[in-house]
Every structure is written in structure tokens, then in C-alpha cells.
Amino acid sequence: MEFSGLALWADNESERPSWVRGTWRVNGGVIRRVNEVETAPSAGFVVPGMVDTHCHIGYSESGSVSEAEMVEQARATLASGVTVVRDCGVPVDNSLAARATGLHLIRCGRHVARPKRYMRDLPLDVDDQSELPAVLASMAHSSDGWVKIVGDWIDRSAGADSDLMPLWDPAVLTDAVAAVHEAGARIAVHAFSHRVIDSLIEAGVDDIEHGSGIDADQASEIAARGIAVTPTLRQVELFKDFAAQAGAKYPVYAATMRAMYDERRSHFEMLVDSGVLLLMGTDSGGYQDHGTIAGELDRWLRWGAPAEFTIDAATWVSQRYLGYPGLVEGGPADFLILDEDPRVNPTILANPVRVTVGGTPMWERLSS
């Protein structure tokens with residue numbers, strides 16, 4: 001396969017990609033630039049496949065799904081321009097979805113939480129906190145280099161005063177993160193509230209999921225330590241609904257969720273300006289459908305992220321964070337063909353003409 005066009009390209013994965021014209025050849029599953037001028041039929045715009053760093057292939061709002069539905073979820077994800085996903089916790093083996101579709105799937109295993117401190121039937125519950133390091137070390141050896149824990153959730157034991165509270169003592173959390181790192185893995189942590197963030201920073205976690213309670217000082221420290229944040233903006237947009245559902249029974253919790261909802265746009269702008277490494281993630285599989293990354297792209301843009309910042313986060317930045325190089329000389333031929341310039345309209349990333357993984361076209365838009 002040989003084609004010309006304008007591509008988001010780097011000569012190697014230590015370089016920052018730039019937009020360059022040329023002609024590319026795909027052979028044996030890898031891609032190379034064979035000419036700096038366009039000598040083959042034009043493909044239009046060529047970008048690395050997108051990444052969903054927070055999704056739940058094998059799960060939906062109604063719970064775990066069949067193998068057939070799991071494969072359909074993966075196909076919908078590919079059709080949306082996503083070629084790499086990090087499954088951020090499911091109670092089923094979803095590796096079939098990758099084998100059947102070609103989607104690159106990084107498995108985290110199950111969420112790990114404490115009893116009655118997360119969604120029912122989804123996590124692996126740890127009764128005794130002291131067991132957390134061993135549980136996570138074991139999970140690290142059976143996953144694809146990542147584990148996922150719940151950092152905070154509503155503690156209903158306080159009745160009307162119930163609010164989002166950390167699940168783990170800071171010392172236990174620090175030991176658990178060290179155990180994960182000693183096992184050669186990394187750890188992602190669900191975190192909504194402000195009060196849990198300091199303990200995550202001090203423990204040295206790798207990726208904070210949602211991060212809606214991070215303040216400016218914490219963001220500065222997170223950036224300095226190289227901790228990533230996956231902001232899942234469409235999930236944060238649901239906080240108003242979560243507050244309404246809490247109603248008069250849990251008014252303190254409802255006020256916390258409503259305040260984060262009200263500040264969601266200015267909060268995201270702060271994260272963008274802070275220099276924190278932001279990753280693209282949809283949280284699909286719960287309240288969000290699979291294959292709907294277009295909505296996340298749209299929120300990033302409408303809430304203040306520059307176009308090229310959003311494109312980078314959705315493609316090569318998140319790819320490299322997860323161990324994939326993006327579009328580079330001699331690298332994997334995982335890319336999207338677009339018929340519009342994404343720098344003008346980044347949401348076109350989610351409406352590709354063709355999705356290629358490992359040099360094989362895995363999805364193609366039907367002509368209208």
C-alpha cells in the first residue's frame with residue numbers, strides 16, 4: 001500500500017510529531033516515508049489512531065455483556081477512530097474483543113475497592129486494607145501492566161452528612177503503589193474529590209482518573225511529578241444528575257457533586273493551563289456508550305483546549321504514554337485516513353474514512 005498526503009509524523013518516537021507532506025508505504029505491518037513529495041494517490045490527512053485511555057470493553061450500563069456484544073463494542077470503538085484502548089476495569093475477560101477485531105487492548109483487570117464503596121458487582125472488594133498491596137501485586141502479574149483502584153466514593157455511614165471520602169489510609173496506599181511498581185506495572189486511580197488527591201500524589205500513582213477535585217496547587221505538583229490525569233469530561237457533566245439522585249438523603253454529597261459540576265469548565269481550563277499531562281478517555285461502558293469519543297473531543301474543544309492540543313492528546317500523546325509510538329518511521333501502521341483537516345475541526349478524528357491497524361484496514365466508511 002502506498003499513498004500521499006499530509007500526515008502527523010515523526011522520524012522516531014523521541015521526536016515531537018509535526019505535520020509534513022510526503023508519500024508513505026505500508027509493508028509488513030509497518031509504515032515508512034518513502035518520499036518527501038507526493039508521488040502516489042492522495043489519501044488526504046493521515047493521523048495516528050486515537051486512544052481511549054479510560055473505557056470498559058465488556059461492560060455496559062446494565063452490567064457485564066456477552067462475548068458477541070463485547071466484540072461489537074470493540075468494533076464500534078474502532079469505527080470511531082480509536083485503535084488503542086486501556087480497559088480501566090471490568091469483571092470479565094475481554095481479551096476476545098481484541099483478538100476478534102484487531103483493537104489494541106490494554107487490560108487493567110478489575111476495579112479494586114472496599115466493601116460497599118463502589119458500584120455493586122463491579123469491583124473486587126478488599127475487606128482488610130492491609131491486604132491491598134498483595135492484591136494489587138497479584139493483579140499486576142495477570143493484567144497488561146496496569147491495575148485500577150477506587151480512590152474515593154461516597155461513605156454512606158455518616159447518614160445525611162455522607163460525602164465523598166478516601167477509601168484507603170495514606171500509608172496503605174503508599175505501600176500498595178510501591179507493590180504495583182515493584183511488579184513492573186502502573187496504577188490508575190478513580191478520584192472525584194479534592195480530599196483524596198494529596199494522598200494519591202504522595203503515594204506516587206501514575207494516572208488519576210476524572211480528577212475533578214484537583215486544585216491549582218495540586219495540579220502544579222501533579223505536573224512536576226509527571227502524573228497523568230484523564231479528565232473524562234462527559235462523565236463530569238453527569239455530576240448534576242448524580243447530585244439530583246442523592247436528593248435530600250445525602251445533601252452534603254449532593255452539594256459536593258453540584259459544585260464540581262458548576263466549576264467543570266473553569267476547572268478543565270486550569271488543568272490545560274497547568275501543564276498536567278492530560279490523556280483522552282471516555283469512560284465508555286458505564287454511563288457512556290462505546291464508540292462515542294466524538295463527544296469527548298467536543299467537550300475538550302468547547303471547554304477551552306486548543307485544537308492541536310486536543311489532537312495531540314487524542315493521538316500520539318496518549319499513545320506514547322501507553323507504550324505505542326504514534327506514526328513514526330518503521331513503526332506500526334496504525335493510522336486514520338481523514339477527508340478533512342483535523343486542525344480546523346478536530347472532531348473529524350472520530351469520523352475517519354478508514355481505520356488501519358497493523359497495516360490492515362479494519363474499518364472503512366461507506367460512501368453516501
Side-chain angles (χ1 to χ4, degrees), residues 7-20 24 26-33 45-55 57 74-75 77-88 94-95 97-99 101-108 140 143-148 184-188 206-207 209 226-230 277-282 284 290-291 293 296-297 308-338 342 346 349-350 352 354-363:
L8 186 55
W9 177 262
D11 288 336
N12 58 70
E13 58 187 287
S14 65
E15 280 188 358
R16 181 184 181 87
S18 60
W19 291 94
V20 297
W24 285 267
V26 174
N27 187 34
V30 302
I31 186 167
R32 299 185 185 279
R33 191 181 185 201
F45 302 89
V46 187
V47 298
M50 284 195 291
V51 182
D52 188 345
T53 62
H54 186 131
C55 74
I57 299 288
R75 286 177 176 152
T77 300
L78 276 169
S80 72
V82 171
T83 59
V84 179
V85 299
R86 183 184 58 184
D87 141 43
C88 232
N94 54 14
S95 54
R99 295 195 303 270
T101 64
L103 180 70
H104 294 302
L105 173 64
I106 298 168
R107 296 175 300 113
C108 280
S143 70
D144 294 329
W146 279 91
V147 300
K148 168 73 178 295
R186 292 187 281 178
I187 181 169
D206 299 287
D207 185 5
E209 305 301 299
I227 298 170
V229 174
T230 306
L277 172 60
L278 296 179
L279 307 177
M280 185 65 62
T282 66
S284 59
H290 293 278
I293 197 169
E296 194 70 18
L297 292 168
E308 294 218 34
F309 181 94
T310 302
I311 294 168
D312 290 347
T315 59
W316 67 272
V317 168
S318 291
Q319 274 210 28
R320 290 184 182 178
Y321 183 77
L322 292 177
Y324 292 82
L327 268 181
V328 299
E329 182 69 25
D334 299 343
F335 57 88
L336 312 179
I337 299 293
L338 310 174
L349 291 167
R354 183 181 305 133
V355 179
T356 296
V357 181
T360 300
M362 302 304 296
W363 183 87

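- Interatomic distance, NE2 of His290 versus CG of Leu78, reported as 12.5 Å (0.5 Å rounding).
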Under 3.5 Å, sequence neighbours excluded: what are the donor-acceptor pairs made by side chains of residues 319-330?
unit_1 : atom_1 : unit_2 : atom_2 : d
Gln319 : OE1    : Gly326 : N      : 3.0
Gln319 : NE2    : Gly49  : O      : 3.0
Arg320 : NE     : Pro325 : O      : 3.1
Arg320 : NH1    : Glu13  : O      : 3.0
Arg320 : NH1    : Glu15  : O      : 2.7
Arg320 : NH2    : Glu15  : O      : 2.9
Tyr321 : OH     : Asp206 : O      : 2.9
Glu329 : OE1    : Arg33  : N      : 3.0

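- Put simply, the residue from Arg86, Lys148, His54 that forms a side-chain hydrogen bond (donor to acceptor under 3.5 Å, both in side chains) with Asp207 is Arg86.
- With values rounded to the nearest 0.5 angstrom, Asp334 atom CG is found 8.5 Å from Thr356 atom OG1.
- Atoms CG and CG, from Asp144 and Asp87 in turn, are 8.5 Å apart once rounded to the nearest 0.5 Å.
- In this structure, the side chains of Leu103 and Val357 stay at 4.5 Å or more apart for every pair of heavy atoms.
- Side-chain atoms of Val47 and Pro342, non-hydrogen and from C-beta on, do get closer than 4.5 Å to each other.
- A 4.5 Å side-chain heavy-atom check between Pro352 and Leu338 finds at least one atom pair inside the cut-off.
- Note: Ser18 OG to Glu308 CD = 10.0 Å, rounded to the nearest 0.5 Å.
- Every residue two or more places apart in sequence or in another chain that forms a side chain to side chain donor-acceptor pair (under 3.5 Å) with Arg354 is listed here: Glu364.
- Ser80 contributes atom OG, which lies 9.0 Å from atom CG of Leu336 (distance to the nearest 0.5 angstrom).
- A heavy-atom distance below 4.5 Å is not found between the side chains of His104 and Val51.
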